[in-house]
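Notes for the one structure printed next.
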Amino acid sequence: METEERRKLPRKYLMAFSSVYEASTGKLLGYLSDLNISGLMIIGKESLEFEQELDLHLDLPEMPNRNETYLRVKARVARSQPDLDPRLFNIGFAFLDLAKEKEALVEAMINTYEFRRDPAE
């Protein structure tokens with residue numbers, strides 16, 4: 001059975017993988033695998049509870065003309081399902097109230113590190 005695609009914005013697969021932590025505990029949740037202005041997806045070793053709200057801390061790679069080393073954002077678990085590798089999970093988060101300055105940082109990260117796909121693909 002196919003699942004309905006609910007994403008409204010195109011997925012951006014990143015060339016730079018950032019660690020993603022639960023901000024209050026410092027627990028590593030996984031590694032960033034895709035990002036758009038509405039949310040992100042990580043690949044992690046543990047499933048997370050659907051609808052759970054977390055404060056996320058993302059380590060940021062170097063970006064031209066940006067000095068930020070991390071992004072902290074509140075997000076809700078939108079999905080958590082097994083990856084093709086059964087030892088891992090794909091965990092999707094929806095951002096909650098992303099402030100304009102953080103939105104600009106997310107856009108800078110997407111523009112700097114997204115894969116450049118061949119339009120013929």
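For the pair Asp97/Lys74, no side-chain contact is recorded, criterion being any heavy-atom separation below 4.5 Å from C-beta on. Looking only at side-chain heavy atoms (C-beta outward), Tyr31 and Ser18 stay at 4.5 Å or farther from each other. Taking the side chain as every heavy atom from C-beta outward, Ile37 and Glu107 approach each other to under 4.5 Å. Residues Glu103 and Val73 fail the side-chain proximity criterion, which asks for heavy atoms closer than 4.5 Å. Taking the side chain as every heavy atom from C-beta outward, Leu60 and Thr69 never approach each other to under 4.5 Å. Side chains of Leu56 and Arg72 form no contact here, defined as non-hydrogen atoms less than 4.5 Å apart.
By the side chain to side chain contact (heavy atoms under 4.5 Å, CB included) test, Lys45 pairs with Leu88, sequence neighbours left out.
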Q.
For a salt bridge (Lys or Arg N to Asp or Glu O under 4.0 Å) check, start with the C-alpha distance between Lys27 and Glu46, then their side-chain angles and the critical distance, and finish with the verdict.
A. CA-CA 11 Å; Lys27 179 181 178 181; Glu46 297 178 20; 2.9 Å; yes
Q: Before giving the answer on side-chain contact (heavy atoms from CB on, under 4.5 Å), spell out for Asn90 and Arg79 the whole-Å C-alpha distance, their side-chain angles and the decisive distance to 0.1 Å.
A: CA-CA 8 Å; Asn90 295 317; Arg79 72 177 191 147; 4.0 Å; yes
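A distance of 5.5 Å separates CG in Leu54 from CD in Glu22, rounded to the nearest 0.5 Å. Distance CG/Asp83 to CZ/Phe89: 9.5 Å, rounded to 0.5 Å. To the nearest 0.5 Å, atoms CZ (Phe93) and CD (Glu53) are separated by 11.5 Å. To the nearest 0.5 Å, atoms CG (Asp59) and OH (Tyr21) are separated by 5.0 Å. Here the CD1 atom belonging to Ile91 is positioned 13.5 Å from the CZ atom belonging to Phe50, to the nearest 0.5 angstrom. Taking CD of Glu101 as the start and CD of Glu68 as the end, the distance is 9.5 Å to the nearest 0.5 Å.
More than 12 heavy atoms of other residues, nucleotides or ligands sit less than 6.0 Å from atom CG of Asp85.
A donor and an acceptor atom, one from each side chain of His57 and Asp55, are nowhere located under 3.5 Å apart.
Of the listed residues (Ile42, Ile43, Leu40), just one forms a side chain to side chain contact (heavy atoms under 4.5 Å, CB included) with Ser33, and that residue is Ile43. With Val106 as the fixed residue, the side chain to side chain contact (heavy atoms under 4.5 Å, CB included) test singles out one of Leu35, Asn36, Asn111, Leu58: Leu35.
Glu49 has no carboxylate O lying under 4.0 Å from a charged side-chain N of Arg76, or vice versa, which leaves the two without a salt bridge.
Without hydrogens or angle criteria, Ser80 side chain to Ser47 main chain gives no donor-acceptor distance under 3.5 Å.
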